[in-house]
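The structure appears right after this line, and notes come after that.
We count ligands from 1, going down the list as the structure has it; atoms in each ligand are counted the same way. Everything quoted here is computed from the prediction, not taken from an experiment.
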Amino acid sequence: MHIEVVTLFPALVATASRVGVTGRAVERGQVTVGTVNPRDYAQDVHGTVDDRPYGGGPGMVMKIEPCRTAIRAAKAKLPEGSPSIYLAADGVPFTQAKAAELAKVPGMLLLAGRYEGVDERLLEMEISDRISIGDYVLSGGELPALVLIDAVLRLLPGVLGDAESAAQDSFSAGLLDWPHYTRPEGFEGHAVPPVLLGGDHAAIRRWRLKQALGRTWTLRPELLESRDLSAEERRLLDEYKADLGNTQGSSR
Ligand code: SAM
């Protein structure tokens, strides 16, 4: 996959792309993460990329000409069929399903805004999608772009050491993840659930599914509303609720 980020802060994107899962994918040649800086296409000697908003008011707006030339330069490097995405607080919420969808494209252009954002005409002319990473406002689109890159790359075949690991993550099956434990078996009086130590794989699968269902029901009940539960899942969730009732009863 080839990703080009149009940003006024290329160092931020380049630094983050050198570490962790993204860094390894870049090193192995599974992905290319490039940057294009609109400042390199500014039309004056001061490198001006922003200007005051028409209609007045606070803040500055990213100018159309340098951004457009930068976007065109980025697009020229990308394969056919690459979407052009503007990271925006007023975009469509980013989800695991959207990450899975983007994991199938050959490349993508990510436009990171700064100031009050970019001239709207640029978005109309050059952008295919607007994506938000949450209902809050950040100072720039670089961190959202990196969030999107991280979430998408871990879904590419061969990027994670164990492909199962992404398939089992929260949201992949419409549920939150189950709890994880590693050695030591006991720590300051806190034990690992015994079922995980017994080697009974069917029992472990049932326990994990039950925990995933229970956690989703407790922490994100709306996820269950949009998901049909199988008969086994319904039974396990009932068991989870009953266990919870018993625990609360016994601690009174
Ligand atoms: N005036 C904009 C608004 O109220 O929606 C906020 C602009 S923000 C200060 C500057 C840039 O940060 C935006 O152009 C966008 O690229 C990025 N940004 C801020 N919050 C974001 C979010 N939740 N998701 C994605 N991008 C965001």
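Atom CD1 of I71 sits about 10.0 Å away from atom OH of Y86, to the nearest 0.5 Å.
E101 has a carboxylate O that lies under 4.0 Å from a charged side-chain N of K98, or vice versa, which qualifies the two as a salt bridge.
Residue contacts with ligand 1, taken as heavy atom pairs separated by less than 4.0 Å, involve Y115 solely via the backbone atoms N, CA, C and O. Only the backbone of I131 comes within 4.0 Å of ligand 1, counting heavy atoms alone; no side-chain atom from C-beta on gets that close. At a 4.0 Å heavy-atom cut-off, ligand 1 touches P144 through the side chain alone.
Within the 4.0 Å heavy-atom cutoff, D90 does not count among the residues contacting ligand 1.
Taking any N or O of S139, backbone or side chain, none lies under 3.5 Å from an N or O belonging to ligand 1. Some N or O of G134 is nearer than 3.5 Å to an N or O of ligand 1, by distance alone.
Atom 22 (C) of ligand 1 has its closest protein heavy atom at A89 CA, 3.6 Å. Nearest protein heavy-atom contact of atom 14 (O) of ligand 1 is Y86 OH, 2.7 Å. The protein atom (non-hydrogen) at minimum distance from atom 18 (N) of ligand 1 is G140 O, 4.0 Å.
If you number the atoms of ligand 1 from 1 as listed, the ones under 4.0 Å from a heavy atom of G113 come out as 11 (C), 12 (O), 14 (O), 16 (O). Proximity to I133 (heavy-atom distance under 4.0 Å) selects the following atoms of ligand 1: 24 (N), 25 (C).
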